[in-house]
Chemist: 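Below: one structure in structure tokens.
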Amino acid sequence: MIFVDTANIQQFLPKNWFTIRQDALRHAAGLLDRGDGAGGEFTGWVHLPRNYDRLEFDRIKKAATKIQSDSKALVVVGIGGSYLGARAVIELLGRKPDAPAVYFAGNNLSTDATLELMEKLKDVDFSVNVISKSGTTTEPAVAFRLFKSLLEERYGKEGARGRIYATTDACKGALKGLADIEGYETFVVPDNIGGRFSVLTAVGLLPIAVAGIDIDALMAGAAEAMAALQKPGEDNPAWRYAAARHALYTAGKKVEILASYEPSARFFAEWWKQPYGESEGKEGKGIFPASVEFTADLHSMGQYIQQGERLMFETVTRFKSPLGSLPIPQDAANVDGLNFLAGKDLAFVAEQALRGTLLAHVDGGVPNLILEADRRDEASAGQLIYFFEYACGLSGYLLGVNPFDQPGVEAYKKNMFALLGKPGYEAQKAELEARLG
Ligand code: PA5
């Protein structure tokens, strides 16, 4: 399980930083468990690792097997919570060698990116998984039209139908209506789970399974974390993480940098930003979630972290052991002077980089939290996902906000609809055009 090492934040906080938050944590944990806090109608993810729909889970595995047999690529069309989790897990664990490539579309409005993806699909059999809880989000809706028509050109209307999988609300929304009319196989985003907490539903599981990743092991890892995080107290890693974040925020640290020494974890941090940014960033409050990949970013962002504005703390996620070993070779000429490392493992060098960076950053005024995870596999990915989700719920309640709404996301959508000329937005369009000149 995950261990949260708080040794390197202590010097920045009062001694009782955990104990003074214990009652609030107990209260927050109760709200999550019972689903009766602010936004409680969206806490279906809390018990999901134990309570998921087994029949749908089997259908996901069957659909993944079919896609693996008839496609060399899967295009996942979705944005925000409808794609970040799947991409994070696939990049963290890697697609299995014979599995289809998984591409992501509908998370931008870039003509160039869309054309490039279409070019990649030119001579490749592919399927599409369109994912939208609301079924009305513009970016994926537009991308789906484009990829649906590409499929229909290639396979005909009937053939395309057998290659389209829709993941959406059980009964409402434009995508559900379209899926019913066209007869696509559909999967459900449960009503009580918001987009950013949906990676362990069909939203994440179908693309992850298509990539050949073991979703049974992923869910088992999440269930293990769920059981562990129900135990109250200082040893509960989610309680520690949430309390530490809140204490550091109160002490003026407004930015959290999620750091990892694994390049494959880069997109995991992108996933992590969504629940934390959307759950906490409201009412003029919230920690700004940022991320770095070490050691690469020590040669760019490292300078700022060491000596820039003292705004941030770091949360370093590390996996217990690498999946193999790489001893550094002896070199008779030793022109690079590195023979002092000969015979040592690359992991030893990485460990010293981590230790040295930790001390340097703490000396520079940046508190460091360390999250120790098990080895990088399906089970530990499941544990990390559940851990971060649960700690996010606790953090939102500690901060005193509704962690499960996202009213701010609507502002740009309304402006975009007006500027695009969507019926019903005529008055706003005139006003916005006048302001833009
Ligand atoms: O957290 C959220 O709910 C949002 O960021 C959504 O994930 C995002 O807007 C996509 O929404 P939908 O799945 O309805 O297309």
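Order of appearance sets the numbers: ligands from 1, and atoms from 1 within every ligand. Values in this document were obtained by computation on a predicted structure and should not be read as measured data. These numbers come from the heavy atoms of this one structure, side chains and all, not from hydrogens, waters or symmetry mates.
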Chemist: Show me the short polar-atom pairs for ligand 1: any N or O of it lying under 3.5 Å from a protein N or O, with distances only.
Modeler:
unit_1, atom_1, unit_2, atom_2, d
ligand 1, 1 (O), Arg196, NH1, 3.4
ligand 1, 1 (O), Gln274, NE2, 3.1
ligand 1, 1 (O), Glu278, OE1, 2.6
ligand 1, 5 (O), Gln274, NE2, 2.7
ligand 1, 5 (O), Glu278, OE1, 3.4
ligand 1, 5 (O), Glu278, OE2, 3.0
ligand 1, 7 (O), Gly81, N, 2.8
ligand 1, 13 (O), Ser82, OG, 2.6
ligand 1, 13 (O), Lys133, N, 2.8
ligand 1, 14 (O), Lys133, N, 3.4
ligand 1, 14 (O), Ser134, N, 2.8
ligand 1, 14 (O), Ser134, OG, 2.7
ligand 1, 14 (O), Thr137, OG1, 3.4
ligand 1, 15 (O), Ser132, OG, 2.6
ligand 1, 15 (O), Thr137, OG1, 2.5

Chemist: Hey, does Thr317 have a side-chain heavy atom less than 4.5 Å from the side chain of Phe388?
Modeler: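 Touching, per the 4.5 Å side-chain cut-off.
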
Chemist: Any donor-acceptor pair under 3.5 Å linking the side chain of Arg59 with the backbone of Thr186?
Modeler: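 At least one qualifying donor-acceptor pair exists.
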
Chemist: Within the supplied structure, the quantity of interest is the number of heavy atoms (other residues, nucleotides, ligands) at a distance under 6.0 Å from Lys66 NZ; does it exceed 12?
Modeler: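 Yes - once you tally the heavy atoms of other residues, nucleotides and ligands closer than 6.0 Å, there are more than 12.
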
Chemist: Specify the closest pair of heavy atoms between Asn129 and Thr167, including all atoms of both residues, with the distance to one decimal.
Modeler: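 Here Asn129 and Thr167 meet closest at ND2-OG1, 3.1 Å.
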
Chemist: Are there more than 12 heavy atoms of other residues, nucleotides or ligands under 6.0 Å from atom CG of Asp125?
Modeler: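 Enclosed: over 12 neighbouring heavy atoms sit under 6.0 Å from CG of Asp125.
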
Chemist: Does one side chain, of Trp17 or Gln10, offer a donor that lies under 3.5 Å from an acceptor on the other?
Modeler: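 Short answer, yes.
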
